[in-house]
Amino acid sequence: MSGVYWGATALHILGQPERLDKAQLIAWVMSCQKPSGGFAGSEKHDAHLLYTLSALQILALYDSLDLVDASQVAAYVAGLQRGDGSFAGDEWGEIDTRFSYCALYSLALLRRLDAANVPAAVDFLRQCRNFDGGFGAQPGGESHAGQVFTCVAALSIAGALDEVVDADLLGWWISERQTPSGGLNGRPEKLQDVCYSWWALSALSTLGRLAWIDAPALTAFILGCQDLELGGISDRPDDAVDVFHTFFGLAGLSLLGHPGLAPIDPVFALPVTTVTRLNLAAQRLSCA
Ligand code: FPP
Ligand code: ZN
């Protein structure tokens, strides 16, 4: 399900959505919905918040959200919230700030944010904030740019970004993710990887501090990861290409204003045209 979201959104960013058959795509997405209201990653899999969000994002992209029973899906999502405000990914109970983002974003798409305890969700995210300004997967977890994206975006949807985030400290931590290659890594001492051109850069954009990295160097790194025969983008130069790194490479280039790409929204990870059509609200910060 997430693979379909990455591919379909990449094609929209490239201005070529007609390359996929909308009716076939939507029928397949709906065939993955379970009696609980949640969506699975594929027909014979179990429901999970990750795939519920991806399914709703695909439906949003194709203006088809009216196909779901919003109250039923919202009850599934809200039912995964724990007393401490965190969200489990599914019935088996793994807790991760990724699931806080998936839950709040799904409820925002369904216009049912009131179904969850949003102040408790914000309190949990606050507990996942570290001394370096970053966020981890759980309280005490190491700061990680993937988790920084999910926490910043979740707080933005909750309207609590200014309450919880120290934008200068976190902006510094994110800008330190740029390596001499021009690419960004996800944590100190890790290798640069194209997907962090999304996880790290989107958060910097939401914080109003996109200018804090060297954009031409990052652009050159991403373009250097494209396979000029197959067209796709890999994690690092000369590695095998895949749809995940292709989408997040294009998404990073779009945030940088690269010519020929439609603008992407840094909180909702969908084209700005889709976010505007749906009138989705999220808080942004600016640099003083
Ligand atoms: C890095 O993972 C990325 C994350 C931890 C964030 C993932 C976020 C989601 C799945 C939420 C949905 C996202 C969107 C865009 C709608 P990794 O396992 O590759 O980290 P590593 O580089 O440390 O291995
Ligand atoms: Zn990667």
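Atoms within a ligand are numbered from 1 in the order they appear, just like the ligands themselves. All of these numbers come straight from a predicted model, not from anything done at the bench. Numbering of residues begins at 1 and proceeds along the displayed sequence.
Take the Zn ion (ligand 2) as the corner point: the lines to OD2 of D193 and to SG of C195 open at 110°, to the nearest 10 degrees.
For the residue pair N117 and Q81, no side-chain donor N or O sits within less than 3.5 Å of a side-chain acceptor on the partner. No side-chain donor from either of S143 and R187 sits under 3.5 Å from a side-chain acceptor of the other. Looking at H245 and D193, their side chains do bring a donor and an acceptor atom within 3.5 Å of each other.
One finds a salt bridge joining R209 and D168 here, because a Lys/Arg side-chain nitrogen approaches an Asp/Glu carboxylate oxygen to under 4.0 Å. Taking the charged nitrogens against the carboxylate oxygens, K34 and D46 have no contact shorter than 4.0 Å, which rules out a salt bridge.
Every heavy atom of F268 sits 4.0 Å or more from the atoms of ligand 1. At least one heavy atom of Q57 lies less than 4.0 angstrom from ligand 1. In this structure, D193 falls outside the shell of residues with a heavy atom less than 4.0 angstrom from ligand 1.
Those atoms of ligand 1 with a heavy atom of H144 less than 4.0 angstrom away are 1 (C), 20 (O), 21 (P), 23 (O). Taking a cut-off of under 4.0 Å to the non-hydrogen atoms of L50, the atoms of ligand 1 that pass are 10 (C). Per-residue contacts place T150 under 4.0 angstrom from the following atoms of ligand 1 (heavy atoms of the residue considered): 8 (C). Each of the following atoms of ligand 1 lies closer than 4.0 Å to a heavy atom of Y196: 1 (C), 20 (O), 21 (P), 22 (O), 23 (O). Atoms of ligand 1 found under 4.0 Å from any heavy atom of R187, numbered from 1 in the order shown, are 23 (O).
The shortest side-chain heavy-atom distance between N185 and L191 does not fall under the 4.5 Å cut-off. Between V165 and F135 there is a side-chain heavy-atom pair separated by less than 4.5 Å.
Residues L230 and F247 do not share a hydrophobic cluster, clusters being chains of Ile/Leu/Val/Met/Phe/Trp/Tyr side chains in contact below 4.5 Å.
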>> One pair to check against side-chain contact (heavy atoms from CB on, under 4.5 Å): C128 and Q147. What are the steps and the verdict?
In response: CA-CA 9 Å; C128 297; Q147 255 69 41; over 6 Å; no
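Residue-to-ligand polar distances keep Y105 apart from ligand 1: every N/O pair is separated by 3.5 Å or more.
Of the protein's heavy atoms, Q147 OE1, 3.6 Å lies nearest to atom 5 (C) of ligand 1. Protein heavy atom closest to atom 4 (C) of ligand 1, with residue, atom name and distance, is G146 CA, 3.5 Å.
Coordination check, D235 versus the Zn ion (ligand 2): failed, since every N/O/S atom of the residue sits at 2.8 Å or beyond.
Within the 4.0 angstrom cut-off, atom 21 (P) of ligand 1 has one or more protein heavy-atom neighbours.
When the heavy atoms of Y101, F244, F99 are ranked by distance to atom 14 (C) of ligand 1, first place goes to Y101.
The number of heavy-atom neighbours closer than 6.0 Å to CD of E43, taken from other residues, nucleotides and ligands shown, is above 12.
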